[in-house]
Amino acid sequence: MNRIVLAVRSFFSLLFSGTLSDGVLEALHLTRRGAAAAKPAAASKAAAPVAASLRISDGALQLLAVLQRDARLVDFLMEDIAGYSDDQVGAAVRELHDQCRDSLRRTVTLEPVIDGVEGTFAKAPVGDSSVVKFIGNVPAKPPAGGTLRHKGWKAVKIDLPALAGKDATVVAPAEIEIE
């Protein structure tokens, strides 16, 4: 369950701020590159108009809108579930999971970074060091492989609907019933 919470926190941190929050970085055991240089850039970015800064995240907002439209994911995440029993939350999550997975499969084709069995030895791909994150007791020079703990995911095809003049910041329009 911690992976799901961490994934959701990471997604929304990237969606709304464009960077991972300090809490997410700490949970992932990561540090910022050039943290001192990033602060002045962040200050100038904050002064930029909202519409201009959201251009980079249009795809993320589109995907979020698809997940809201098909599975009501944003409604679920924004609702306070503290008052519900574990059985009620579990029942809601099962249906939400199925709907989100179907929506994701329709819009993004994902493949494992390493197509292997978790818990077995796997060789690290040669070349791009960003596709593998070594964890545990990592020496100064990363080894050629180790025990695969997570396959990783990479997007091989993205099929998002065209914006066609829509405001990408509106993830879900308000609904007003006329009686």
Side-chain angles (χ1 to χ4, degrees), residues 1-39 41-42 56-57 59-64 66-68 70-74 76-79 81-82 84-160:
M1 191 64 167
N2 288 338
R3 282 185 181 176
I4 294 171
V5 172
L6 188 57
V8 169
R9 284 179 57 202
S10 300
F11 175 78
F12 283 105
S13 181
L14 287 170
L15 176 67
F16 293 113
S17 68
T19 62
L20 292 174
S21 68
D22 292 336
V24 170
L25 287 171
E26 184 178 322
L28 292 171
H29 307 292
L30 299 174
T31 57
R32 292 192 196 282
R33 286 188 194 166
K39 288 182 181 178
I56 297 168
S57 61
L61 291 171
Q62 283 179 278
L63 183 57
L64 189 59
V66 167
L67 293 171
Q68 169 63 17
D70 296 349
R72 306 293 263 192
L73 176 66
V74 176
F76 175 76
L77 294 174
M78 297 305 290
E79 186 171 341
I81 61 171
Y84 296 103
S85 71
D86 288 348
D87 290 340
Q88 289 172 312
V89 173
V93 169
R94 184 172 304 282
E95 183 177 348
L96 179 72
H97 174 268
D98 290 341
Q99 292 169 342
C100 286
R101 183 184 59 218
D102 292 345
S103 295
L104 188 60
R105 284 181 175 163
R106 277 195 308 274
T107 55
V108 181
T109 303
L110 297 169
E111 289 181 356
V113 173
I114 297 176
D115 195 11
V117 177
E118 291 178 0
T120 62
F121 182 83
K123 289 187 133 198
V126 179
D128 189 1
S129 63
S130 69
V131 299
V132 173
K133 178 176 87 172
F134 289 101
I135 57 174
N137 191 14
V138 182
K141 183 176 184 269
T147 303
L148 182 62
R149 294 294 177 213
H150 186 269
K151 297 178 190 186
W153 295 105
K154 62 182 175 183
V156 294
K157 181 182 174 194
I158 300 170
D159 187 22
L160 290 170

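Below, each value reflects all heavy atoms present in this structure, side chains not excepted, and no hydrogens, waters or symmetry copies.
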Which pair of non-hydrogen atoms, one from [X] and one from [Y], has the smallest distance, and what is that distance?
X    : Y    : answer
I114 : K123 : CD1-O, 4.0 Å
F134 : A124 : CZ-CB, 3.8 Å
H150 : L148 : O-CD1, 3.3 Å
P112 : K154 : O-CE, 3.8 Å
L96  : A71  : CD1-O, 3.2 Å
K151 : E118 : N-OE2, 3.3 Å

Suppose we screen for salt bridge (charged side-chain N to carboxylate O under 4.0 Å, His left out). Which residues come up paired with D102, at least two apart in sequence or across chains?
none
Mind checking side chain to side chain contact (heavy atoms under 4.5 Å, CB included) for [X] and listing every partner two or more places apart, or none if nothing turns up?
X    : value
A155 : V108, L110, I158
S85  : D87, Q88
V66  : R69, D70, S103, T107, P161
E79  : Y84

So how far is it from C100 SG to E95 CD, rounded to the nearest 0.5 Å?
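Nearest 0.5 Å value for the SG-CD distance: 10.5 Å.
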Please round to the nearest 0.5 Å and tell me the distance separating atom CZ of R101 and atom CZ of R105.
5.0 Å
Which residues share a side-chain hydrogen bond (donor to acceptor under 3.5 Å, both in side chains) with S130, sequence neighbours left out
D128
Among I81, L73, V74, whose side chain to side chain contact (heavy atoms under 4.5 Å, CB included) with L77 holds?
L73
